[in-house]
Amino acid sequence: MFPYPSGAGLHVGHPLGYIASDIYARYKRLRGFNVLHPMGYDAYGLPAEQYAIQTGQHPAITTVNNINRYREQLDKIGFSFDWDREVRTCDPKYYHWTQWAFQRMFNSFYCNTCQRAKPIGQLISHFEKQGTEGLDVACSEELSFTAEAWKAMSEREKQETLMNYRIAYLGETMVNWCPKLGTVLANDEVIEGVSARGGYPVVQKKMRQWCLRVSAYAQRLLDGLDTVDWTDSLKETQRNWIGRSEGTEVRFKVKDSDLEFTIFTTRADTMFGVTFMVLAPESELVAQVTTDAQRAEVEAYLDRTKKRTERERIADRKVTGVFTGSYAINPFTGDAVPIWVSDYVLAGYGTGAIMAVPAHDSRDYAFAKHFNLPIVPLVEGCDVSEESFDAKEGIVCNSPKAGVTPYCDLNLNGLTIKEAIAATKKYVKEHHLGRVKVNFRLRDAIFSRQRYWGEPFPVYYKDGMPYMIDESKLPLELPEVAKFLPTESGEPPLGHATKWAWDVEKGEVVDNALIDNRTVFPLELNTMPGFAGSSAYYLRYMDPHNDKALVSKEADEYWQNVDLYVGGTEHATGHLIYSRFWNKFLFDLGVSVKEEPFQKLINQGMIQGRSNFVYRIKDTNTFVSLNLKDQYEVTPLHVDVNIVSNDVLDVEAFRNWRPEYKDAEFILEDGKYICGWAVEKMSKSMFNVVNPDVIVENYGADTLRLYEMFLGPIEQSKPWDTNGIDGVHRFLKKLWALFYGKEGWQVTDAEPAPAELKSLHKLIKKVTQDIENFSYNTSISAFMICVNELTSMKCYKKAILEPLTVVLAPFAPHVAEEFWHTLGHDTTVCDAPWPAYNEEYLKENTATYAISFNGKVRYNLELPADMPKEDVEKTALAHENSAKWLEGKSVKKVIVVPKKIVNIVIG
RNA sequence: GCUCGAAUGGUGGAAUCGGUAGACACGAAGGACUUAAAAUCCUUUGGCUAUUGCAGCUGUGCGGGUUCAAGUCCCGCUUCGAGUACCA
């Protein structure tokens, strides 16, 4: 995953994933593969713009500076990136194709029957021939009109109608509005009611916004997860986010009225236990069903809920609601049940109306208890006096109730819940009471941002409706503005641009003054969100300089999709959903050859900071060492980890660190000041940031690479602790000592001994297997063992060191390169072939068997390695040591385990 | 609440199919070399009891179970982490 180049530069945690993929890339190259290992920058984003607002510095300048700093830092670590393929999302040559894809989405609709996107022209001809008859397509709302009605529509009406079907569409939707940031945010950019960036409050607001019909792809996004090699937990996160739910829609008539409305339920089996209905406050039905007697009360309630922000609703989950005065007729019982309004029903999910079955739904139960509504249990033997019975298991009863004349001929009594759901679905279908329906939690993505630093939309407005500028005129470049803030009239920052109008005839951007709404029209003022540019960048790497297409057919067919993608789990419900959606759309267009963009995904863990503390005695400038601090009243204070070594404070450095500590006094233990420590986020304010540049300067790039990998499994989050780095650094020095003795270069051409070959081949085998499993930390252990063995055997023979150098190359490329030249090669180590290991060398002559009795190991026995199982058994039983364990007992059976264990079971 | 994952020495972590738990590394203790320091090397290092009996017992969050054999499998808990949350 390419990085967002932030102003803080890289800390030691950022390169982790890049080191892991670099090792894999180098390994695959050594095995003879053509590897595409690229790098680029996700260069549009809020921080550069916020910085611009504060300082006036143009975000483009900030961004370039940050990129240069990133590049400098990355280069120090020695990555084998193919920099010729670098992409930057803010480069017009790049966002040309972001805009292009958006236009294609605008000009497409989603056909549910064939489960793919199609050109909007096909939809128009369908309308011309038969209106909406026989149409099964993704849409914002179900429309129904005839061919004649379509033809009678004005141009504007037609455009409005098409909006309902386009994959990129302008929609009037409830959005997450962040007043502080002055922009809307996507669902994944809001966490617990506040913005992910900055933590500012977010409110719900209705706005006309560009949206992407991601929901149309919900089923494919779900199914595709079965075809990719990702961790189960990440797939599970995406499944939850997509939230497929199979259920039934049922129509309820309103008593004494022509009105009817539809509810969605996954528990069709509970139709006989409905005791009231609930509408979402935002539902249009509320006004229609409210009786005059209740009107004042209902309106007061709506008013109150509107004022509550998302955050307040989360924080305070009191049961609230109001009766509308109307009743609905249950189509299964004929009963009239009251219709209520409550904010526990969401307008955005299902139909915005529910049937309440308090006996079997905890939320309905709480509501019923609060307003004293009846509760009818429907499962044999369940107790609903204290809480609802939500489990989907048991035998149905009371459906219908005994002794009541049946209203319909459906009887669910005696069925299991599963059977009852199926039976009800069947009944609903046959009697046209509703339909079987699959709902998804996944919503369409809101695609407009009221910001400056993002891709401009290639869109102009005519008669209030959006039109795409000609595809051949792309890219539409981001204009200059005087200010990066919203305008006085509340328009986005692009409202400040003076040259931001589109001349259709000339096909170019012209001055706003020329707008005449005949040939010159105003351009869109919103920009695209961060995920626009980061959704298809991997395709661009395959063919980065192509100005005719996002990617050529040849390049795409050659490289296909990403074999190995490395990045954090924090993108599970953002980038990794959008990217999959975007790629599936391009797949439908025939642009991408693979339906899933990322075949294998590895989630690298976060590197946390390891903070150090000093303890100041209250009201003094005296600091007390960790293990003596309990004798005083102390305040723990963060101290810069760079002046602490193995938790021992450099007292002098501390006095010089900040002026207020110049005269600090210390209470030491064993002559040292020991600091406390804690694992926290790596951040400036905790003084625990470790810069990779400093590590490279002190130990070299290879030590940094090795240590980052040695720290633990890639997937795991772990604190950075510079202390352990000496271990891997020592390993490199020992290896160096094999090549260069005290008298210098000492590699010989002598024939290697069997023990030396064994050591080498053990290493090659282990490293080969480990790299394939991304278990780099254990590989490095294997290197250390091998080098220790070779050192103790004083083996510095070329036949051993040469293959060793090659397998080391992915991990420590600089050192390996140096050795490779020393060994007399004028090629680079990257061109070497990966050495094969020979099992012959690994074979043992003798094997040590652990002889155990009833699972307890008692003694060891040396036997020839190729001794047959039966002979091992006999020898073990016959051995003199066995006699004392067998005394007075009989042998029940003997088990010889491949791992050289003989277990003798005795009675 | 629901879903998923994890728990192993002072620390990071090994243990691939159920087969001698603690590889490798850090830290710590002791020693060699050195005027001294750095660097390097050697020894010890889960706990307990021994240590001129060189071994024994115990031990992978807790309680059970399966098995000749469990860190690993099964059942029931505890704690921590991640995701998600009036989704009907």
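Quick note on labels: first sequence line is chain A, next is B, and so on, each numbered from 1.
Contact annotation: A/Lys900 side-chain N/O to B/rG19 OP1/OP2 distance is not under 4.0 Å.
If you check B/rA25 for Watson-Crick or wobble pairing at under 3.5 angstrom, you find it paired to B/rU11. The pairing partner recorded for B/rC33 is none, the criterion being a Watson-Crick or G-U wobble arrangement whose two distances lie under 3.5 angstrom. Shown here, B/rC54 forms no base pair; nothing in the strands shown gives a Watson-Crick or G-U wobble contact with both key distances under 3.5 Å.
The glycosidic torsion of B/rC17 lies within 90° of 0, placing the base in the syn range. B/rG59 has its base anti relative to the sugar, with a glycosidic angle deviating from 0 by more than 90°.
Using the six-membered ring where Trp is involved, A/Trp340 and A/Phe367 have ring planes that are perpendicular, over 60° apart on the 30 and 60° scheme.
Among the protein residues, A/Asp721 comes within range of no part of the nucleic acid, since none of its heavy atoms lies under 4.0 Å from any strand. Within 4.0 Å of A/Arg730, counting heavy atoms only, lie sugar-phosphate atoms of the nucleic acid but no base atom.
Here the C1' atom of nucleotide B/rA14 and the CD atom of A/Gln769 are 15 Å apart, to the nearest Å. Spacing between atom CG of A/Leu763 and atom P of B/rC24 amounts to 15 Å, rounded to whole angstrom units. Protein atom NZ of A/Lys235 is 13 Å distant from nucleotide atom P of B/rG5, rounded to whole Å.
The distance from the CZ atom of A/Phe440 to the OH atom of A/Tyr349 is 9.5 Å, given to the nearest 0.5 Å.
The 5' end of RNA chain B is approached more closely, in terms of each residue's nearest nucleotide, by A/Ser233 than by the other of A/Ile725 and A/Ser233.
Taking the six-membered ring for Trp and the full ring otherwise, the centers of A/Tyr365 and A/His360 sit at least 6.0 Å from each other. In this structure, A/Phe710 has its ring center no closer than 6.0 Å to that of A/Tyr776.
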